[in-house]
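Structure, as structure tokens:
Here, residue 1 is the first one in the sequence, and each next residue gets the next number.
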Amino acid sequence: GRAPGPRHQRRLRNYLLDRRFQLKYSGFLVGIAVLLSVALGAVLWRTSTRLLAQSEELVALGSAVVAEGRKVSQVVEMNIVKDPEYGQDAELLAAFRAGDSQYTQQLEARQLELARQATALRAQHVTAAYVLAGALLVFVLFVALAGIVVTHKVAGPLFKMRRQILEVAEGRLQPGGRLRRGDELVEFFEVFEQMVARLRERQEQEVAALDACLEQLAPSLDDAALAPLRQVREQMRAALDR
């Protein structure tokens, strides 16, 4: 195979050698990335929203439990006071009130903790939305840049071969140089270079054959008769030397 060529410096302005080709396929990759990002974002957002809704339901349920507990305590206390046997027992009433107060405080503490967790989860939900949107945007931009870089490695060889094809069409049969490291289509470019080299070799053989004919015809023909052949020979030689 061909030995690796010298390292060429890729500059930012040269990355869009074929804008139509590169932007077309980069846009295709970006479209896929956007669809995947939207689908992933929707799933994550739905899951986060569901967790937030469950947390708020727990807070509401805790509030209902605390309120119901207070009602039950009030009813029990009223029954104790109205009861003819226990209504005059101050120690029993005090013990009930102390136990009920401790239980109510525990319920309220748990309710406050649930409310704090719900508030934190709501804040995290909003933050996660911004982080998710930013991450997906960075991902799409990365895919776009990666698409341009990857297609550049294909567009570079195509650009070089297109230029050489135009030169061959004009009769210039000089080697077009080597590809940059990392370029694609290396084997295809080498085959193309071999074609140009064979065309050049064939034209050199034809120039040599013309030289031999001119040498044989020179003694028997004057310069005016040989002028068209010499002109063709010079044009073919000039194409090789350009």
Hydrophobic cluster membership, [X] vs [Y], 4.5 Å side-chain cutoff:
{"X": "V196", "Y": "I165", "value": "yes"}
{"X": "I148", "Y": "F142", "value": "no"}
{"X": "L158", "Y": "M195", "value": "yes"}
{"X": "F28", "Y": "L36", "value": "yes"}
{"X": "L199", "Y": "V207", "value": "yes"}

Report the residues that fulfil ring pair (Phe, Tyr, Trp, His ring centres under 6.0 Å) with Y25, sequence neighbours left out, ordered by chain and then residue number.
-> F21
Does anything in residues 52-65 pair up under salt bridge (charged side-chain N to carboxylate O under 4.0 Å, His left out), and if so which pairs, sequence neighbours excluded?
-> E56-R122
Approximate separation, where rounding is to 0.5 Å, of [X] [atom1] and [Y] [atom2]:
{"X": "K153", "Y": "Q22", "atom1": "NZ", "atom2": "CD", "result": "12.5 Å"}
{"X": "Q205", "Y": "R202", "atom1": "CD", "atom2": "CZ", "result": "9.0 Å"}
{"X": "L29", "Y": "L145", "atom1": "CG", "atom2": "CG", "result": "12.0 Å"}

Taking S48 for its side chain and L44 for its backbone only, find out whether a donor-acceptor pair lies under 3.5 Å.
-> no
Return yes if some donor-acceptor pair links the side-chain N/O of T47 with the main-chain N/O of V43 below 3.5 Å, else return no.
-> yes
Taking 4.0 angstrom as the limit, do E204 and R200 come out as a salt bridge?
-> yes
Measure the shortest side-chain to side-chain distance between S37 and V140 over non-hydrogen atoms and say whether it is less than 4.5 angstrom.
-> yes
Determine whether Q54 and R50 make a side-chain contact, defined as any pair of heavy atoms from C-beta on separated by less than 4.5 Å.
-> yes
Considering all heavy atoms of both residues, which atom of L136 and which atom of G41 are nearest to each other, and what is their separation?
-> CD1-CA, 4.1 Å
Where do G147 and S26 come nearest, in terms of heavy atoms and distance?
-> C-OG, 3.2 Å
Given salt bridge (Lys or Arg N to Asp or Glu O under 4.0 Å), test R230 with E234 step by step and report yes or no.
-> CA-CA 6 Å; R230 288 197 176 101; E234 292 302 323; over 6 Å; no
Working for side-chain contact (heavy atoms from CB on, under 4.5 Å), residues R46 and T49 = CA-CA 5 Å; R46 183 178 300 176; T49 302; 5.7 Å; no
